[in-house]
Amino acid sequence: MVARLVVCALAPVCLSLGIAAQDSRQVSEPRVPPACSTLDAALAAKDGVLSDADERRTDTQRIQDAINACAPGKAVVLRASGKSSVFLSGPLTLKSGVTLVVSANTVLAGSRDPRLYDIAQGSCGIVSTKGHGCRPLITVTNATGTGIMGEGAIDGRGGASLLGQNVTWWDLAHEAKVTDQAQSVPWMIVVRSSRDFTLYRITLRNSPGYHVAVNQTDGFTAWGVNILTPKTARNTDGIDPGSSRNVTIANCFISTGDDNVAVKSGKAGPASNISVVHNHFYAGHGMSIGSGTDGGVDHMLVDDLTINGADNGLRIKSDRSRGGLVEDIVYRNICIRNTRNPILFTPMYTTFQGNLLPVYRKISLENVHVLTPGTFTFLGLDPDHKLQVTMDSVFADDVDKSEIIAGNAEIRIGPGIGNLAPNGNGVSISRSPEGHPATPAACDARFAPFPTIRTAPEMAGTAPAEDKTLYVATDGTGDFYSIQRALDVAPATGALVLVAPGTYREVLTITKPHITLRSANKDASKTIVVNNRSAGTDGGTLHSATVNITGDDFLAENITFQNDFNATHPQLPKGSQALALLVTGDRAVFRNVRLLGNQDTLFTGSKQCSGEGTERTCTPARQYFSDCYIEGNVDFIFGDGKTAFENCEIRSNAHSEGFITAQGKSYPTEDSGYVFHRCRLTADPGVSNVYLGRPWRPYATVVYLDTEMGSHIVPAGWREWHPGETHSIETAFYAEENSTGPGARPSERDPHVHMLTAGEAEKYLPANFLRGSDGWGAAAGIN
């Protein structure tokens with residue numbers, strides 16, 4: 001369909017252009033209606049700060065009274081008066097036919113009092129498991145012909161402290177992210193079940209949450225709107241049309257902390273007939289469709305868009321729990337730079353499961369130019385639900401420095417042939433018979449700085465500090481849904497990766513130093529990294545680990561590493577070895593970590609060895625496990641690392657014969673061994689015949705101190721690797737001190753075992769055992 005868009009932006013002279021648009025309306029520059037009443041500001045804010053007394057003098061009632069009294073087709077005008085330019089307000093409701101106009105040099109400021117926004121007593125201004133406890137600043141419901149206009153500003157004051165508290169709305173959002181909960185903060189403008197709502201020339205600043213959310217609405221126009229909020233302010237989407245039709249977003253400048261624009265749909269119905277034209281995006285998460293698409297998204301045009309500095313460029317995101325059909329989407333005349341993910345089409349935005357399948361087809365990229373390197377993702381769901389994309393004159397500068405991820409996709413190139421041609425597993429590429437070499441779109445002159453808006457006053461507030469933490473969440477609320485993806489982009493010097501509860505079926509490889517992997521939920525069973533590799537299927541035992549750590553100074557907290565190979569395969573003598581964790585990095589610490597497997601659950605190794613025989617030397621790698629749970633049956637703690645376990649539960653599961661350790665010290669000069677201090681040796685019901693260890697290598701070294709041993713431990717405690725064939729127990733060093741419980745039988749132990757005195761045991765205490773030449777044991781806070 002061809003609609004007429006009258007392109008004016010903020011210029012005094014308008015240019016009328018007929019362009020192919022997806023909005024089925026005839027859209028032109030809006031007009032400000034005549035006033036029914038004009039209200040003068042009574043509050044002044046020096047440097048954007050209201051006095052304590054003025055913070056209690058809200059204008060909510062007089063603005064609402066004026067709206068209620070206004071005749072349809074008219075406007076309530078807010079204007080500055082002398083030095084007074086501020087209207088302070090709690091929640092307002094617009095009615096049909098009435099427009100709210102915020103005049104030049106005037107600001108409508110949201111109150112900092114959470115009680116004004118409460119849906120239930122005390123529900124706003126908190127962090128909880130539910131969220132959504134606040135009313136919006138401005139609500140439009142079941143209304144026709146309403147709008148918000150003017151050259152002034154609406155400021156949500158997201159960075160100002162709440163009354164009586166030392167916390168801002170944005171602080172609550174950050175706290176919710178760190179603790180994997182939900183913040184209850186007011187959104188700025190919410191439009192529901194309405195018709196023909198218009199935003200015109202207004203500046204929206206610093207919303208505590210979403211700036212504009214439009215749901216189940218037929219006819220929405222945002223024209224010449226400026227949205228400006230710090231990039232560090234979480235969940236501050238610019239404009240989000242959801243399950244709405246006939247939407248035009250034109251001539252807008254949007255810089256924010258989340259999606260610049262996000263088109264969504266759900267059970268309420270599809271999002272369709274949408275035009276996003278002649279816009280400039282800056283900080284944010286880009287031009288998005290999703291993540292909810294189960295109502296369908298169709299007939300959408302994105303034309304003449306620049307994206308400069310956003311995390312993402314053009315993005316379609318969904319998953320099996322909330323996916324649907326996305327089709328007839330046209331991206332045309334797009335310029336992108338300084339963007340980590342210039343094009344990101346993925347049906348695996350989260351790992352949630354369900355039968356709401358995300359299918360993307362008839363997606364067209366026309367005259368798209370990406371000027372800086374990034375990651376390009378073109379993924380379909382599976383071979384039966386492929387991504388369908390046409391790429392006409394699509395260019396990526398420095399493509400050799402970019403990463404291209406593609407799979408289950410049908411790519412059609414042309415007629416303009418660019419230099420970006422995704423390829424990968426399940427990708428088919430066809431070319432237009434009219435194909436011809438194209439030239440990249442000229443973009444440099446099209447990138448414009450965010451405009452200076454002298455007519456839109458800003459209230460005082462503090463932008464959140466940049467949080468360099470990498471957040472991972474299966475539900476898409478983090479920066480990544482894959483832990484490995486976060487690790488890949490982590491700085492070479494290390495990073496904190498905070499993982500939300502959920503199950504992450506992937507393999508982790510951690511080579512960088514100073515990586516911290518932590519779940520905010522202290523119940524380690526809630527956050528699981530799991531895979532099902534094995535020695536037989538993946539080229540050997542040491543290639544089977546779910547988590548592989550070679551970088552030094554690693555820390556893991558509150559998380560589970562699991563190998564569930566035996567959930568679908570029988571445990572056999574060969575090929576069933578399946579590691580949950582392999583760690584050879586030095587100074588690695590694991591606190592409240594669960595390791596789940598059967599045979600060979602945990603391998604701890606040294607860094608590097610050289611020489612032979614008595615000249616053999618190894619650089620020790622030290623690992624410390626505190627308050628951990630480790631489960632397995634055969635040799636499930638093994639290797640040649642220098643490792644201490646403190647306050648851990650070591651649990652044996654079912655097998656005919658069990659061995660807790662298989663330490664691998666090969667030469668007497670090697671600095672390796674295992675110490676268990678104040679641990680508990682437990683077993684599943686019915687499990688017996690478990691040994692404390694057997695020597696994998698001739699000089700195996702294992703010491704148990706103050707450890708409680710269950711009745712499943714055999715009286716001899718220790719056993720030869722292969723009785724009658726090997727004689728390593730004669731050279732191994734196996735020792736105990738103050739073992740307790742029914743499995744502690746010092747008089748019945750194998751005669752090669754050393755029973756230590758308290759004095760002799762002193763050097764094996766974890767802090768001493770792991771000290772090293774760098775003094776690390778005590779420095780790391782190890783007891």
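FYI, the numbering just counts along the sequence from 1.
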So, do [X] and [Y] sit near enough that their side-chain heavy atoms are less than 4.5 Å apart?
| X | Y | answer |
| --- | --- | --- |
| F376 | F345 | no |
| I510 | T550 | no |
| L379 | M348 | yes |
| H569 | S576 | no |
| K177 | D479 | yes |
| L487 | I515 | yes |
| T601 | N563 | no |
| Y624 | L555 | no |

Polar side-chain atom of [X] near backbone of [Y] as donor-acceptor pair, under 3.5 Å:
| X | Y | result |
| --- | --- | --- |
| N531 | A545 | no |
| Y674 | A700 | no |
| E760 | T757 | yes |
| T604 | G639 | no |
| E670 | Y667 | yes |
| K468 | A495 | no |
| S739 | E736 | no |
| K665 | V702 | no |
| S318 | S291 | yes |
| S711 | G743 | no |

Are a donor atom and an acceptor atom from the side chains of [X] and [Y] found within less than 3.5 Å of each other?
| X | Y | answer |
| --- | --- | --- |
| T541 | S544 | no |
| T179 | Q181 | yes |
| R594 | T560 | yes |
| D475 | T477 | yes |
| D706 | N738 | yes |
| E557 | S519 | no |
| D684 | N653 | no |
| Y629 | E631 | yes |
| D467 | H174 | yes |

Atom pair [atom1] ([X]) and [atom2] ([Y]), whose distance is rounded to the nearest 0.5 Å:
| X | Y | atom1 | atom2 | result |
| --- | --- | --- | --- | --- |
| D523 | N592 | CG | CG | 8.0 Å |
| S534 | H543 | OG | NE2 | 12.5 Å |
| N566 | Q577 | CG | CD | 9.5 Å |
| Q353 | T474 | CD | OG1 | 10.5 Å |

- Flag if over 12 foreign heavy atoms under 6.0 Å of NZ, K231: no
- Message: Please check if the number of heavy atoms outside N425 that lie under 6.0 Å from its CG is greater than 12.
- Response: no
I need the minimum non-hydrogen distance between [X] and [Y], along with the two atoms involved.
| X | Y | answer |
| --- | --- | --- |
| T701 | Q663 | N-OE1, 3.1 Å |
| P501 | D180 | CD-OD2, 2.9 Å |
| H712 | V687 | CB-O, 3.3 Å |
| E506 | S482 | OE1-OG, 2.9 Å |
| S656 | N689 | O-ND2, 3.2 Å |
| D671 | P620 | O-CB, 3.4 Å |

- Query: So is R485 actually on top of F480's ring, under 6.0 Å and inside 45° of the axis?
  - Reply: no
- Option among E646, E708, E649 that satisfies the salt bridge (charged side-chain N to carboxylate O under 4.0 Å, His left out) test with R678: E646
- Message: Checking ring pair (Phe, Tyr, Trp, His ring centres under 6.0 Å) between Y704 and each of Y734, Y764, F676, F645, which is the one that passes?
- Response: F676
- Item | F769: ring-ring contact (aromatic ring centres under 6.0 Å, His included) partners, not counting sequence neighbours | none
- Query: With sequence neighbours excluded, what pairs up with F659 under the ring-ring contact (aromatic ring centres under 6.0 Å, His included) test?
  - Reply: Y691
Can [X] and [Y] be counted as an ion pair, charged N to O under 4.0 angstrom?
| X | Y | result |
| --- | --- | --- |
| D640 | R697 | no |
| R587 | D774 | yes |
| D552 | R622 | no |
| D750 | R694 | no |

- Query: Does the separation of the ring centres of H754 and F733 fall below 6.0 angstrom?
  - Reply: yes
- Task: With side chain to side chain contact (heavy atoms under 4.5 Å, CB included) as the test, would you mind laying out the steps for L765 and H677 before giving the verdict?
- Result: CA-CA 7 Å; L765 292 174; H677 182 223; 3.7 Å; yes
- Task: List the steps and the verdict of side chain to side chain contact (heavy atoms under 4.5 Å, CB included) for F554 and T516.
- Result: CA-CA 6 Å; F554 174 82; T516 294; over 6 Å; no
- Give the C-alpha distance, both sets of side-chain angles, the deciding distance and a yes or no for side chain to side chain contact (heavy atoms under 4.5 Å, CB included) between R533 and V507. CA-CA 9 Å; R533 301 203 298 181; V507 174; 3.5 Å; yes
- Single hit among T661, L602, N598, I660 for side chain to side chain contact (heavy atoms under 4.5 Å, CB included) with F636: I660
- Message: Let's go through N532 and D564 carefully: what are the C-alpha distance in whole Å and the side-chain angles of both, what is the deciding distance for side-chain hydrogen bond (donor to acceptor under 3.5 Å, both in side chains) to 0.1 Å, and is it a yes or a no?
- Response: CA-CA 5 Å; N532 61 350; D564 65 352; 4.9 Å; no
- Item | Evaluation steps, side-chain hydrogen bond (donor to acceptor under 3.5 Å, both in side chains), between N633 and Q571 | CA-CA 11 Å; N633 50 45; Q571 184 175 344; 2.9 Å; yes
- Task: Run the numbers on F378 and V427 for side chain to side chain contact (heavy atoms under 4.5 Å, CB included), then give the verdict.
- Result: CA-CA 9 Å; F378 299 85; V427 176; over 6 Å; no
